[in-house]
Amino acid sequence: MIDIPKTYDPKEAEASHYARWEERGYFAPEINQDPEAPVYSIVIPPPNVTGSLHMGHALQHTMMDVLTRHKRMLGYRTLWLPGMDHAGISTQLMVTRELKKEGLTRHDLGRAKFVERVWKWKEEYGGQILNQIRREGASVDWSRFKFTMDEDLSSAVREVFVRLYQEGLIYRGNRIVNWCPNDQTVLSDLEVQRDPYKGKLYYLRYPFKNRAGAIVVATTRPETMLGDTAVAVNPNDERYRAVIGETLILPIVNREIPVVADEFVESEFGTGAVKVTPAHDPNDYEMGIRHGLEQVHVIDRFARMTEEAGADFAGLDRYKARELVIEKLEALEALEKTVDYEFSISKCERCKTVIEPLISTQWFCRMEPLRDLALAALRRNSKPQFVPQVPYEKVYVDWLENLRDWTISRQLWWGHQIPAWYTTGGEVIVARSREEAEAKAGTNELTQDEDVLDTWFSSALWPFSTLGWPDETADLKTFYPTSVLVTARDIIFLWVSRMMMMGLKFIGEEAFHDVYVTGTVLDKHGQRMSKTKANGIDPLEVFDKYGVDATRLALAQIGSTDTRWNEKQVESYRNFANKIWNAARFCLMNAEGAASISEPFAAGSANLPLHDRWILSRLNRTAAAVNKQLDTYDFHAAVQELYHFFWDDFCDWYIELSKTSVTAEEASAERDAARARLISILEQALRLLHPFMPYLTEELWQKLPVNHARLQHSAYAGAEPSIMLASFPRGEASLIDERAEAEMQAVIDLISRVRNIRSEMNIKQSDRIQLMIAAKSDLKTVFSDSTDQIARLTRAREISIDGSSEMPKAAARAVLAGGAEVAVPLEGLIDFEQERARLTREKEKLEKESLKLATQLGNADFVQRAPAEKVEELRARVTDIAQRNAALEQMLEALS
RNA sequence: GGGCACGUAUGUCAAUGGUAGACGGCUUCCCUUACAAGGAAGAGGUUGGGGGUUCGAGUCCCUCCGCGCCCACCA
């Protein structure tokens, strides 16, 4: 007898298999020996080097792994490429904080030493997430692991930069940008978040120079008035039409500023007149350009007032300056009023500091031509295919259509330094290397641009830079375009769209065929999990508590809907894992002799017992469904399908139905064959489950007395057997047997009805009952062939079957589909009242349904307009109900 | 301000316009030698409210209520 614990302990399986898979190279595409094999590839969204695994990762990785393992088992040449992102700002902040503890700033170290220090930090503390990814069971090819700052990827970054620059798509310009006064860098629009803010609206009075009166303007940032160079009104605003072109005297500063007319101004807001500060507000900047206004810089990079703001203000923090401005305006009687006002405020996504719009010289990427490539790919080739298509395709298109230039430079030290050099004369040389720049410039007196590129710039190249571009590598040719990108929805703009554009630009093909957008795991109150709210669930703790496989199942079934985290759900999949374990345990306890049968189902399905034909049909139906569901990213349905097949069909029915033959005391050819069939079904079920539950399935599969090598997919012939290289069952249409399923269903219904009688009539578990079955010829045969099993599962001691419906009076009875009946004689034990009540309840149910059907069929419109099939279906149901109803009535009569 | 989702059993979620389901929880019975992390049998729903289209609506349309998400240059 085999010695297997009663309870599945996931830890053991998790500890051993991953390392073996990895060592043997099972994750690498090279394991596939078939030169004709179709290709499947995914690049992982590279986690930040500073990151650690959160639920979102676990969710995405599970789905990518399911897809990858599924395709690998189908014989695809499969690559899931792992990597990590250098995460410019986050990482630099991390190390800066570390330095601060030593009383140092990065400037104390200088650039070179600081960057060295970051590399050291990365080696020591970075990338803890990589081992967490291993724990998940992710079948990524570690031999192709990439880091965005690796030399080859950095060179791809420079290549792209140079080419885009040469085409005029990258340029250096002086424009208004989002500046973070804390991080001391510019940010792109996507790295700025808008938060609601309860502030005030200040009404300032600016007097005319050459006439009486004043214009009152409303502002939320009075301190910027020091930099005002105009007041704007709407040209159609009657109130102000007469004063357009007049001159105002700016209070405090006493600068003369004009009144200009601009369509941008909303007459309804405030006073209908707006102060214009071109140097410190994006809208005013645009207006300033339209009207040729002067830009007066009154706030610096530290959000302090400049000399230009005036001696009283220079050096003051922007909020201190605000107070002082208000004070002075009050003294000048230039503050009309102050009202409470709620608006939104821009903050740095990382450090939450309020953004200061500043005019500054930065590098930008022109997006229109790239955007057009992406839009064309979608319109002409429907690439990428978003899943779900609604709403993400529209979101993607809308964003692309309104795309503005991308600010790609950052004032950081950690990242890809911009490959631009300046001669002493100020000439700009953009080149792939210093050597190339020197050659171009004809001098070695060059200074490289201090800035680095936005982290997302290298991320945008990820699908091809990781495969060796710009070299025409075999990997690039084989694996690009990638098959699918699996991601959460928050980086569709930041990342997905940019990869698409860059891929189309530089390779000429889309970066991925499909984009699968996962749902979000929320906390139990429906809130997003976040560090600041501290409401996150650590996936590693869940792994420890319930096992990786159970967690994966719980995550996979989330699919693309947002779902509140529910630990009970994981617990139920843990129970499922245990169920699988115990089913296998049963099979292994009764495995002796099974191995001698090499083709358990070879005899030809017609000769097999009903339950064998039935389970074979169910198995293949399930396999076909799961393949289809995985091909269409319907993870939820696939999980449900597998769960119910395994638990309901296989465990609850098949094992129970096979028990008599499988557990027979004496060895026999028949017993061995039954055992071999049982094991074969289990074995195939494990293969179906493997993409979702890699550890448990491998653990059990290895224990099964089967010819493992023969089960491998032919593409992996010769490899040491593993379930991850076994052939994924495709679901043979020829093995789907409608008749067997219908007949088995009749048996299942019969057993269920008898069990119902036992339960409702309070028949003790230990009491053996007698069954009398009346059925017409075809069903009669089915039941007769299954009497042993029916007896076993209903705990009956005696079963008689005939074609008539002569039933004893003192019996509990039930009517089955197809006109069959079953009676349980209760020899004086029967409680007539109780049985009558039970039958009446049943009759009421039928009548309710019957009434519904009659109403529908009585509707002439329905009969006329609904498809004939539908009408037929209803009529058939009416007949069946009538039949059952008549039988019930008879039974009730017999009881009275 | 604009756009997009969602609201189904006590909880978490499913359901090509055609008999509203699953898992958990709940009730009753059972430690039947694969599994009590289990088995058997049950109870539980006017699909947020109202209106419309249709032979037929959880599903399509309108509206209201509720909870979210994304985008945005009304100072």
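First the proteins, then the strands, lettered A, B, ... as listed; each starts at 1.
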Please confirm whether any donor atom in the side chain of A/Q640 sits under 3.5 Å from an acceptor in the base of B/A15, or the reverse.
no
Base of B/A37, side chain of A/R574 - is there a donor-acceptor contact under 3.5 Å?
yes
Any ion pair linking A/R841 and A/E844 (charged N to carboxylate O, less than 4.0 Å)?
no
Would you call A/D405-A/R175 a salt bridge at under 4.0 Å N-O?
yes
Taking the nucleotide of RNA chain B with the nearest heavy atom to each, does A/Y643 or A/V863 sit closer to the 5' end?
A/Y643
RNA chain B nearest-nucleotide lookup for A/K524 and A/K870: closer to the 5′ end is A/K524
Reading nucleotides 66-75 of chain B 5' to 3', which nucleotides get B (base under 4.0 Å from a protein heavy atom), which S (sugar-phosphate only), which -?
-----S-BBB
Using atom [atom1] of each nucleotide, how far apart are [N] and [M] to the nearest Å?
N: B/A43; M: B/U27; atom1: P; value: 16 Å
N: B/C31; M: B/A36; atom1: P; value: 14 Å
N: B/G51; M: B/A14; atom1: P; value: 28 Å
N: B/U32; M: B/A15; atom1: P; value: 40 Å
N: B/G48; M: B/A57; atom1: P; value: 15 Å
N: B/G25; M: B/C13; atom1: C1'; value: 14 Å
N: B/C4; M: B/G58; atom1: P; value: 25 Å
N: B/A40; M: B/G7; atom1: P; value: 32 Å

Given [options], identify the nucleotide with an atom nearest to the side chain of [X].
X: A/R585; options: B/A43, B/A34, B/C23; value: B/A34
X: A/Q569; options: B/A34, B/U12, B/A14; value: B/U12
X: A/F586; options: B/A34, B/G11, B/U19; value: B/A34
X: A/V390; options: B/U19, B/C13, B/A5; value: B/A5
X: A/T563; options: B/A14, B/U12, B/A41; value: B/U12
X: A/K845; options: B/A41, B/A43, B/A34; value: B/A43
X: A/D652; options: B/U32, B/A40, B/C35; value: B/A40
X: A/S572; options: B/A37, B/C13, B/C23; value: B/C23

Any strand: nucleotide that pairs with B/A20 via Watson-Crick or wobble, under 3.5 Å:
none
May I have the list of side-chain donor-acceptor pairs in residues 848-864 of chain A shorter than 3.5 Å, sequence neighbours left out?
{"from": "A/T855", "atom 1": "OG1", "to": "A/L851", "atom 2": "O", "distance (Å)": "2.6"}
{"from": "A/N859", "atom 1": "OD1", "to": "A/D861", "atom 2": "N", "distance (Å)": "2.9"}
{"from": "A/N859", "atom 1": "OD1", "to": "A/F862", "atom 2": "N", "distance (Å)": "3.4"}

Taking salt bridge (charged side-chain N to carboxylate O under 4.0 Å, His left out) as the test, write out the residues that go with A/D788, two or more places apart.
none
With heavy atoms under 4.0 Å as the rule, sort [X] into base, sugar-phosphate or nothing.
X: A/C651; answer: base
X: A/E849; answer: base
X: A/T561; answer: sugar-phosphate

Using only side-chain N and O atoms of [X], determine if any of them is under 4.0 Å from OP1 or OP2 of [N].
X: A/N575; N: B/G38; answer: yes
X: A/W565; N: B/C13; answer: no
X: A/K659; N: B/U32; answer: no
X: A/K6; N: B/C35; answer: yes

Yes or no on salt bridge (Lys or Arg N to Asp or Glu O under 4.0 Å) for A/R753 and A/E842, after CA distance, side-chain angles and deciding distance?
CA-CA 12 Å; A/R753 300 311 295 268; A/E842 199 168 320; 2.4 Å; yes
I need the residues from residues 851-862 of chain A with at least one non-hydrogen atom less than 4.0 Å from RNA chain B; give them sorted by number, or say none.
A/K852, A/Q856, A/N859, A/D861, A/F862
Other residues, nucleotides, ligands: >12 heavy atoms within 6.0 Å of A/E592 CD
no
Scan residues 223-232 of chain A for pairs that pass salt bridge (Lys or Arg N to Asp or Glu O under 4.0 Å), counting only residues two or more places apart or in two chains.
A/R221-A/E223, A/E223-A/R322, A/D228-A/K275
Whether the side chain of A/H636 engages the backbone of A/I558 through a donor-acceptor N/O pair (distance < 3.5 Å, no angle test) should be reported.
no
Aromatic plane relationship, A/Y654 with A/F650 - under 30° parallel, 30 to 60° tilted, over 60° perpendicular
parallel
side-chain contact (heavy atoms from CB on, under 4.5 Å) with A/A674: which residues, sequence neighbours excluded?
A/S661, A/V662, A/R677
Among A/D340, A/T219, A/T220, exactly one meets side chain to side chain donor-acceptor pair (under 3.5 Å) together with A/K200. Which residue is that?
A/D340
